[in-house]
Structure formats: structure tokens, C-alpha cells
Amino acid sequence: QVQLVESGGGLVQAGGSLRLSCAVSGRTFSSFSMGWFRQAPGKERWFVAFISWSDGSTYYADSVKGRFTISRDSAKNTVYLQMNSLKPEDTAIYYCAAGYYGLKSIRLGHADSWGQGTQVTVSS
């Protein structure tokens with residue numbers, strides 16, 4: 001099982017940018033996939049973005065499409081979430097997740113490992 005550690009959260013004004021990182025430790029295989037999720041206060045955790053470790057294919061929730069970009073650096077075993085044009089409604093705890101599942105399962109929150117989360121706060 002892999003271990004995930006997120007970083008990069010913080011306080012930013014609306015319209016600003018942040019880049020989250022998720023460091024992966026442990027053994028991974030080519031069928032590995034990762035996702036970012038977020039949970040706002042009093043709400044359920046929601047899918048944000050997906051990336052396949054093997055071919056780098058990506059998928060986004062409609063609410064972040066065109067503003068957020070997920071990417072991976074295989075040499076550094078790290079996945080990133082670049083967040084631009086941030087809005088107050090993006091405020092949440094952001095989690096990365098990983099597992100040997102495809103897009104359909106990752107979107108539903110099926111994962112083998114979860115990070116501890118990093119807080120993102122967007123002020124208006």
C-alpha cells in the first residue's frame with residue numbers, strides 16, 4: 001500500500017492560484033491511478049480530478065474544468081493540482097487518493113490510499 005502526503009494549501013484571494021502536491025511513497029505499478037477530492041465544511045467529499053499514472057490521461061469535474069490542472073512527475077513520485085482563478089466556493093480540505101482502479105471507480109471515491117488533506121481557503 002502506498003502512502004500519500006499532501007502539501008501546498010493555504011489562504012488566497014479570489015482569482016488567485018495555488019498548487020497542491022501529493023507525494024507518493026511505496027511501491028506503485030503501471031495500472032496505478034490517482035485523484036483529487038475536496039470536502040467543504042458540512043458537505044460530503046467530492047471528486048475533483050483524475051490522472052492515470054501510466055499514460056497521464058486526465059478527467060475533471062465540471063466545476064473545475066478549465067481552471068484546475070492535474071499532472072504527475074513520475075521521477076519525483078508526485079501528483080500536482082494547479083488551481084487557477086480560484087473562487088470562494090473552492091474553499092475546502094483537499095485530499096489526494098490512489099488505487100489500482102480506473103476513472104469510474106476513482107470518481108466514486110474508491111481508493112486504496114488517502115492523504116491526510118490540506119486546507120484551501122479562498123477569500124472574497
inquiry  = Please check if the number of heavy atoms outside Lys43 that lie under 6.0 Å from its NZ is greater than 12.
reply    = no

task = Apply side-chain contact (heavy atoms from CB on, under 4.5 Å) to the pair Leu81 and Arg38, showing each step before the final yes or no.
result = CA-CA 12 Å; Leu81 185 68; Arg38 66 187 182 187; over 6 Å; no

Over all heavy atoms of both residues, which pair between [X] and [Y] is shortest? Give the atoms and the distance, please.
| X | Y | value |
| --- | --- | --- |
| Ser17 | Ser85 | OG-N, 4.4 Å |
| Ala98 | Ala111 | O-CB, 3.4 Å |
| Ala14 | Ser124 | CB-CA, 4.4 Å |

task = Working to the nearest 0.5 Å, report the span between CZ of Arg72 and OG of Ser33.
result = 10.5 Å

Using the rule that Ile, Leu, Val, Met, Phe, Trp and Tyr join whenever any side-chain heavy atoms are under 4.5 Å apart, tell me whether [X] and [Y] fall into a single cluster.
| X | Y | answer |
| --- | --- | --- |
| Val24 | Phe50 | no |
| Trp36 | Val5 | no |
| Val48 | Ile51 | yes |
| Leu20 | Tyr60 | yes |
| Phe47 | Ile70 | no |

message = Students often mix this up, so state it plainly: with edges at 30° and 60°, are the rings of Phe68 and Tyr94 parallel, tilted or perpendicular?
response =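 Rings of Phe68 and Tyr94: tilted, 30 to 60°.
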
message = The test is side-chain contact (heavy atoms from CB on, under 4.5 Å); show your working for Val12 and Met83 and say whether it passes.
response = CA-CA 11 Å; Val12 64; Met83 306 185 295; over 6 Å; no

Tell me if a side-chain donor or acceptor on [X] pairs with a main-chain N or O of [Y] at a distance below 3.5 Å.
| X | Y | answer |
| --- | --- | --- |
| Glu6 | Gly117 | yes |
| Thr118 | Ser7 | no |
| Ser113 | Val2 | yes |

Measure the shortest side-chain to side-chain distance between [X] and [Y] over non-hydrogen atoms and say whether it is less than 4.5 angstrom.
| X | Y | answer |
| --- | --- | --- |
| Leu11 | Gln119 | no |
| Trp114 | Arg45 | yes |
| Phe37 | Trp46 | no |
| Lys76 | Ser21 | no |

task = Kindly indicate, with the supporting measurements, whether the criterion salt bridge (Lys or Arg N to Asp or Glu O under 4.0 Å) is fulfilled by Lys87 and Asp90.
result = CA-CA 5 Å; Lys87 306 175 181 179; Asp90 294 319; over 6 Å; no

key: Partner residues of Tyr101 under the side chain to side chain contact (heavy atoms under 4.5 Å, CB included) criterion, sequence neighbours left out   =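 With neighbours one apart ignored, the set is Ser105, Ile106, Asp112.
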
request  = Could you tell me which residues satisfy side chain to side chain contact (heavy atoms under 4.5 Å, CB included) with Gln3, sequence neighbours excluded, listed by chain and number?
outcome  =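 For Gln3 the side chain to side chain contact (heavy atoms under 4.5 Å, CB included) partners, ignoring immediate neighbours, are Ser25.
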
